[in-house]
> 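Here it is: the structure, laid out below.
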Amino acid sequence: MDWCTKQGLGIYTAFGTQAHVSKRQYDPWRGQPVDHLYYLYAGRIKYSKMNADGDEKIVWYIDKGNIFGAAPFFDRQPIKNMCNALVATEDCEVYTFSRSCFNDEIVGNHPEIVSNLIESMAYKIFLAVNRGGDLASLPSRVCKVLLYVIQRQSDSGASKGNKVSSEGISQQELAVILGVHRVTLNNAIVQLKREGIIEHISKRSLVINDIKQLVEYARQ
C-alpha cells in the first residue's frame, strides 16, 4: 500500500516539495550523494545503466505510488554506483522529502510511512535476489515473482476455487526483474501456459488457472 493510499495528498503538500518532470527528462542527482527521498505521485520513471558506447541495461521501472531513491539516501553514496540514467517515460509528478524532514517529522510522527518504506525496500531485495542470486529454473523463478505479485495485491485480487486473478505485471517488467531477455522469458511463460498454470499475463491483469501448482513451482 503506497503513501497516497495511507495518507492522501495532504502529507505531500505539507512536507514534500512538488516537481513536474516532462517525458524523457529527469536527473535529480547528477552523480552526487542523495540527500532526499522521492515519491512518484504520477507517471513512470526508468532506471538504467549506460556504457561509453551508449548500450543500455534497464535496471528497473518506478511506477506511480512508489518511493524511490531510498538505497542511496540511506547509503549516502552517489546512485551512479547502481545506475547512471533516470528517464521519465511519461510526464511525472514527483514529491521530494529532505533528510531533516524524514528524520524530524516522518520517523517520529508517521510510523506507518516508515513501515511502508521498509516493505518497499524488502520488495527490492526480493527482486535483486530473483535477478541474480536464484539458481532455480526460469519457470520456477517466474512463478516466485508472480506469486509475490498476487500476495502484494491480495486486497484487490479475486479467487474462484483454484483460479486467482489480480492486477498484472508486464512481460517487459518481469524480464527486467529476472534479468533475462524477453524471448527467453516468453519461452518460460509458454511452458507455464501449456501446463495449465497461467491463463493470462499482461500489465493490466494476471490470471492464474492453478494457484496450487504455481506455489509448488515457486518452492522448487
> At what distance, to the nearest 0.5 angstrom, does CG of Leu37 lie from CZ of Phe97?
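Rounded to the nearest 0.5 Å, the CG-CZ separation comes to 8.5 Å.
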> For the atom pair CG (Leu174) and CD1 (Ile201), what is the distance rounded to the nearest 0.5 Å?
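The CG atom of Leu174 sits 5.0 Å away from the CD1 atom of Ile201.
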> Measure the shortest side-chain to side-chain distance between Val94 and Thr17 over non-hydrogen atoms and say whether it is less than 4.5 angstrom.
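Answer no - side chains too far apart.
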> Who pairs with Val190 by side-chain contact (heavy atoms from CB on, under 4.5 Å), at least two apart in sequence or on another chain?
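Val190 satisfies side-chain contact (heavy atoms from CB on, under 4.5 Å) with Asn186, Arg194 only.
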> Between the main-chain N or O of Ile197 and the side-chain N or O of Asn209, is there a donor-acceptor pair closer than 3.5 Å?
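Looks like no, no N/O pair under 3.5 Å.
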> Give the minimum heavy-atom separation between Asp91 and Lys23, together with the two atoms involved.
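So the two residues come closest at OD1-N, 2.9 Å.
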> Restricting to side-chain contact (heavy atoms from CB on, under 4.5 Å), what partner residues turn up for Arg182, sequence neighbours left out?
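Arg182: side-chain contact (heavy atoms from CB on, under 4.5 Å) contacts with Gln171, Gln172, Ala175.
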> Just to verify, what does Glu90 make a side-chain contact (heavy atoms from CB on, under 4.5 Å) with, not counting sequence neighbours?
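Counting only residues at least two positions away or on another chain, Glu90 forms a side-chain contact (heavy atoms from CB on, under 4.5 Å) with Arg44.
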> Are any of the side-chain heavy atoms of Leu214 and Ile150 separated by less than 4.5 Å?
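Leu214 reaches Ile150 side chain to side chain.
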> Please name the pair of heavy atoms, one in Ala42 and one in Lys64, separated by the smallest distance, quoted to 0.1 Å.
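Closest heavy-atom pair between Ala42 and Lys64: CA-CB, 3.9 Å.
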> Are Asn66 and Leu40 close enough that some pair of their side-chain heavy atoms sits under 4.5 Å apart?
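Not in contact.
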> Could you list all the salt bridge (charged side-chain N to carboxylate O under 4.0 Å, His left out) pairs where at least one residue sits in residues 204-220, not counting sequence neighbours?
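Applying salt bridge (charged side-chain N to carboxylate O under 4.0 Å, His left out) to every pair that reaches into residues 204-220, excluding sequence neighbours, yields nothing.
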> Would you give the length of the straight line joining atom CG of Leu117 to atom CD1 of Ile106, rounded to the nearest 0.5 angstrom?
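It comes to 9.0 Å.
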> So do the side chains of Arg76 and Pro33 get within less than 4.5 Å of each other, counting heavy atoms only?
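Side chain of Arg76 against side chain of Pro33, heavy atoms only: no contact under 4.5 Å found.
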> Do the non-hydrogen side-chain atoms of Glu167 and Ser205 ever get within less than 4.5 Å of each other?
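They are not in side-chain contact.
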> I want to check something: taking the side chain as every heavy atom from C-beta on, are Arg141 and Leu138 in contact at a cut-off of under 4.5 Å?
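The answer is yes, as the side chains (C-beta and beyond) meet within the 4.5 Å cut-off.
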> Out of curiosity, does Ile189 fall in the hydrophobic cluster containing Val149 (side-chain heavy atoms, cut-off under 4.5 Å, transitive links)?
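Result: yes, single cluster for both.
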> Can you name the salt bridge (charged side-chain N to carboxylate O under 4.0 Å, His left out) partners of Glu199, sequence neighbours left out?
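Glu199 satisfies salt bridge (charged side-chain N to carboxylate O under 4.0 Å, His left out) with Lys163 only.
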> Please determine whether residues Ile211 and Val207 belong to a single hydrophobic cluster, defined as Ile, Leu, Val, Met, Phe, Trp and Tyr linked transitively by side-chain heavy-atom distances below 4.5 Å.
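In one cluster with Ile211: Val207, no.
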> Can you sort out the partners of Asp104 under side-chain contact (heavy atoms from CB on, under 4.5 Å), two or more places apart, ordered by chain and number?
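Ser100.
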> Applying side-chain contact (heavy atoms from CB on, under 4.5 Å) to Asp35 and Ser98, what does each step give before you reach the verdict?
CA-CA 6 Å; Asp35 209 38; Ser98 67; over 6 Å; no
> Give a yes or no on whether the backbone of Val34 and the side-chain of Arg99 come within a donor-acceptor separation of less than 3.5 Å.
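Yes.
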> For the backbone of Lys46 and the side chain of Thr89, can you confirm whether one donor and one acceptor N or O come within less than 3.5 Å of each other?
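Checked: no pair found.
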> Just by distance, with hydrogens left out, do His20 and Ser22 show a side-chain donor and acceptor under 3.5 Å apart?
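Ser22 and His20 do not have a side-chain donor-acceptor pair below 3.5 Å.
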> Grab the two heavy atoms, one from Ser202 and one from His200, that are nearest each other, plus how far apart they are.
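It is OG-NE2, 3.1 Å.
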> Are Val87 and Val21 joined in one hydrophobic group, where the rule is that I, L, V, M, F, W and Y side chains link up if heavy atoms are under 4.5 Å apart?
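Looking at the clustering, Val21 is in a separate group from Val87.
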> Ile198 versus Leu146: any side-chain heavy-atom pair under 4.5 Å?
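Yes, their side chains come closer than 4.5 Å.
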> Quick check on the hydrophobic clustering: are Tyr148 and Leu192 connected, directly or via other members, by side-chain heavy-atom contacts under 4.5 Å?
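Hydrophobic grouping puts Tyr148 with Leu192.
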> Mind checking whether Ile208 and Ser165 have side chains closer than 4.5 Å, heavy atoms only?
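No, side chains not in contact.
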> Cut-off 3.5 Å, side chains only: do Gln18 and Tyr95 have a donor facing an acceptor?
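Per modelled atom types, Gln18 and Tyr95 side chains form a pair under 3.5 Å.
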> Testing Tyr38, Phe74, Phe15 one by one against Phe102 for a ring-ring contact (aromatic ring centres under 6.0 Å, His included), which residue passes?
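Result for ring-ring contact (aromatic ring centres under 6.0 Å, His included) with Phe102: Phe74.
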> Quick one: pull up CG in Leu147 and OH in Tyr217 and give me the separation to the nearest 0.5 Å.
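Those atoms lie 14.5 Å apart.
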